[in-house]
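In what follows, a structure is listed as structure tokens, so that the remarks can point back to it.
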Protein chains: 2
Amino acid sequence: MYQPITIKDIAKALGLSTSTVSRALTDRYEISVETKKLVLEYAEKIGYQPNPIAQSLKERRSHSIGVVVCEVANNYFSQAINGIESIAYSRGYHVIITQTHESFDREVVNVQHMASRGVDGLLISLSSETNDLNHLTTLHEKGLPMVFFDRVANDIETHKVIADNYRGAFDATEHLIKTGSRRIAHLTNSPNLSITAERLDGFKAALAKYDVPFNPDYLKHCDHGGMIQDEVEIAVNQLLALSDRPDAIFIASDRLSTGCLYTLKKHGIKVPADIAIAGFTNSDVAELFNPALTTVRQPAFKIGQIATEMLIQLIESKYPVTEFETRKLDTELIIRESSEHHVTIT
Amino acid sequence: MYQPITIKDIAKALGLSTSTVSRALTDRYEISVETKKLVLEYAEKIGYQPNPIAQSLKERRSHSIGVVVCEVANNYFSQAINGIESIAYSRGYHVIITQTHESFDREVVNVQHMASRGVDGLLISLSSETNDLNHLTTLHEKGLPMVFFDRVANDIETHKVIADNYRGAFDATEHLIKTGSRRIAHLTNSPNLSITAERLDGFKAALAKYDVPFNPDYLKHCDHGGMIQDEVEIAVNQLLALSDRPDAIFIASDRLSTGCLYTLKKHGIKVPADIAIAGFTNSDVAELFNPALTTVRQPAFKIGQIATEMLIQLIESKYPVTEFETRKLDTELIIRESSEHHVTIT
DNA sequence: TGCGGTTATGGGAACGATTGCATAAATAAT
DNA sequence: ATTATTTATGCAATCGTTCCCATAACCGCA
């Protein structure tokens with residue numbers, strides 16, 4: 001197979017000991033200038049590359065951070081990953097991405113693998129199936145640094161970065177109310193997720209503000225977060241079958257939004273004429289949709305960046321960190337056609 | 001920091017040597033049944049997990065494969081990655097994903113890092129900036145297994161998996177011609193990429209078949225593959241400014257398709273009434289677009305799977321492989337509104 | 001009783017890099 | 001001239017596993 005150059009090869013070639021070579025390469029003060037130069041030049045010449053595996057074993061750290069998301073094929077997460085990478089690379093860390101596909105088992109396997117593979121820290125957004133946090137608490141207690149983003153674990157004390165889901169949901173719902181909707185349904189994710197509760201609270205608060213009663217029939221959870229199209233379709237069908245059919249749907253996630261639009265299209269329901277739509281999504285093609293979609297957009301890139309900065313701070317901290325912070329970033333409501341069926345009332 | 005259980009701990013606790021423990025854990029014939037049972041049970045009890053870093057160092061393999069794509073936020077690649085993971089996990093490999101963002105430098109860094117990090121093999125789709133293959137040939141010559149998919153390197157002899165780009169482009173172009181377009185432009189990727197040439201050939205062949213002359217003014221390359229919106233906008237604007245403005249555009253990639261639609265929308269150009277559109281994309285929301293997009297879809301998941309199978313075959317082969325294969329998979333033309341402005345002629 | 005053969009185990013050297021602790025040589029201080 | 005100090009280098013242990021090579025205990029057979 002293929003045999004890279006080691007520190008030994010350099011030592012042998014130059015008649016030095018491996019320790020001297022190692023120290024010369026890491027530019028230590030004990031080594032004479034000439035030796036350093038000799039070693040450096042030779043290493044350069046034969047293309048020496050330190051073996052990170054051996055370094056990891058010795059130093060007990062890998063300069064890599066693990067990322068757990070449900071899917072990279074999701075605009076929010078792919079943007080967050082870009083944010084993560086932008087910081088990680090500039091700080092000398094490599095990024096290992098894993099997907100749970102919203103499966104709890106996959107999450108456990110991925111987290112465990114990355115931990116044993118020696119990542120220095122973990123950036124986690126929980127899967128919608130997860131309500132048991134044992135795989136994380138054990139690692140957390142052992143001192144593995146972790147930062148949650150978006151879908152956070154309330155019971156684990158560490159840094160967290162989220163969008164202002166309450167506010168985002170509130171704004172979107174308020175907008176639907178202001179454009180004349182009253183029978184507003186909420187299509188949302190698994191109740192396990194932190195974002196689900198936060199968005200539901202914002203939704204309810206907006207209803208309350210305008211004295212619109214909350215109707216439990218209008219609340220539909222999709223436990224797999226829209227990974228299974230049938231699930232979305234059933235939920236939407238149930239909404240459509242109600243005697244008091246909703247005149248608007250506020251949707252809590254990316255996949256649910258597209259799934260819902262598909263179903264409505266299938267039924268020939270006109271958006272926004274029959275039903276208005278507004279939803280959380282970071283899609284950058286929402287404007288090209290038919291109709292262009294009113295969206296709540298999260299600062300995903302920024303969230304990824306901040307989470308990574310926090311994680312690296314934890315990793316590099318000399319003392320165990322005991323003060324933890326939850327950063328909340330503003331969302332942005334982008335009003336387009338899908339919500340504009342009614343006249344604006346103020 | 002955090003101190004996992006090692007084979008030594010087990011050995012000490014059980015009064016055995018590390019060798020015996022190691023052998024018991026790997027179920028070797030030399031170890032007595034009782035000892036094995038003892039070790040296995042104790043290991044289970046205290047939650048022993050072998051250290052993959054130490055194993056990698058010793059075995060000189062990591063049971064992980066590296067993936068190089070331009071962007072995970074691209075439907076084609078995220079689907080391909082899902083295919084890759086599906087095979088890799090079932091065969092006991094882990095997957096490390098890196099993004100080039102269409103940058104050559106990023107590609108070099110990522111490839112080098114993964115190689116030195118000890119991946120057992122590489123799955124590569126080249127960046128649009130890449131036309132120097134040195135970073136890959138050196139590794140290839142050293143015997144690092146690699147398989148290309150989608151954007152392949154013609155000069156490196158190894159397995160490759162691609163869609164039938166020629167045929168896909170031919171079909172889409174033919175469809176545009178059959179629905180009455182004659183002045184068909186082609187908006188495409190960097191000329192560096194294999195897919196660019198293949199699709200262009202298919203495009204030209206379809207024109208030739210129907211005696212439509214090829215007009216070089218109608219061919220626009222975007223060297224950054226649509227990563228830079230301006231680039232797309234300029235290209236589209238140039239097409240629109242032509243005295244003999246095209247009545248259709250055949251678009252060679254995902255990002256270019258959305259970028260082009262944006263630009264057309266901005267100019268208030270009606271699709272398909274003014275200009276018909278058909279394009280390569282694996283978006284699963286193409287149907288929700290306004291208008292619903294006629295697309296050439298690639299079997300991305302399958303391509304990822306096959307590439308991974310081939311790579312694992314290379315990795316696990318006892319003898320150096322010298323016979324290489326290029327697998328070509330069929331694309332699928334999905335006709336929707338964006339191409340239907342004219343009556344069908346046969 | 002002694003020898004070849006099996007069976008089960010331990011010792012210790014790898015893998016590649018780092019690092020505390022010698023040690024040798026050169027220089028400075030007395 | 002002798003001791004102390006600096007400077008430059010090497011030895012060997014370490015990280016967690018694996019695996020080659022002993023070795024010890026036991027068996028059967030002559």
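Below, each value reflects all heavy atoms present in this structure, side chains not excepted, and no hydrogens, waters or symmetry copies. The structure displayed is predicted, hence computed values, not measured ones. Letters A, B, ... mirror the listed sequences (proteins, then strands); counts begin at 1.
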Item to complete: Can you check each nucleotide of nucleotides 12-19 of chain D against protein heavy atoms at under 4.0 Å and return B for base, S for sugar-phosphate only, - for none, in 5' to 3' order?
Response: B-BBBBBB
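The residue from B:L122, B:L311, B:V119 that alone fulfils the side chain to side chain contact (heavy atoms under 4.5 Å, CB included) condition with B:I65 is B:L311.
The aromatic rings of A:H94 and B:H113 sit parallel, their planes meeting at an angle under 30°, below the 60° perpendicular limit. Ring-plane geometry between A:F77 and A:F149 is classed as perpendicular, the angle between the planes exceeding 60 degrees on a 0 to 90 degree scale with a lower cut at 30.
Put simply, the side chain of B:L25 reaches to within 4.5 Å of the side chain of B:V21, judged on heavy atoms.
Nucleic acid contact class of B:I53 (heavy atoms, under 4.0 Å, all strands): none. Across all strands, B:S56 comes closer than 4.0 Å to no nucleic acid atom at all (heavy-atom distances). Across all strands, B:G15 comes closer than 4.0 Å only to sugar-phosphate atoms, never to a base (heavy-atom distances).
B:D120 places a side-chain N or O within donor-acceptor distance of the main-chain N or O of B:H63, the cut-off being under 3.5 Å. Remark: the backbone N or O of A:I84 is not paired with any side-chain donor or acceptor of A:Q305 at under 3.5 angstrom. Between the side chain of A:K160 and the main chain of A:A153, a donor-acceptor pair closer than 3.5 Å is present. In terms of modelled atom types and a separation under 3.5 Å, the side chain of B:N74 and the main chain of B:E71 share no donor-acceptor contact.
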Pull out every protein N or O sitting under 3.5 Å from an N or O of nucleotides 23-27 of chain D, one pair per line with the distance.
none

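Put simply, NE2 on A:H63 is 15 Å from P on C:dA17, counting in whole angstrom units. Between B:K37 atom NZ and C:dA8 atom P the separation is 16 Å, expressed in whole Å. If you measure from atom CD of A:E30 to atom C1' of D:dT5, you get 16 Å, rounded to the nearest angstrom. Here the C1' atom of nucleotide D:dA8 and the CG atom of A:L14 are 15 Å apart, to the nearest Å. Between the P atom of C:dT18 and the CG atom of A:D27 lies a distance of 13 Å, rounded to the nearest Å. Taking atom CG on A:L16 and atom C1' on D:dG10, their separation rounds to 10 Å, with Å as the unit.
With the end axes of the helix from C:dT1-D:dA30 to C:dT30-D:dA1 each set by five pairs, the angle from one to the other reads 70° at 10° resolution.
More than 12 heavy atoms of other residues, nucleotides or ligands sit less than 6.0 Å from atom CD of B:E59.
Looking at every heavy atom in both residues, A:S127 comes nearest to A:F104 through OG-N, 3.8 Å.
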Discussion item. For A:N110 and A:Q99: C-alpha separation, side-chain torsions, deciding distance, then whether side-chain hydrogen bond (donor to acceptor under 3.5 Å, both in side chains) applies.
Written reply: CA-CA 8 Å; A:N110 289 347; A:Q99 307 186 73; over 6 Å; no
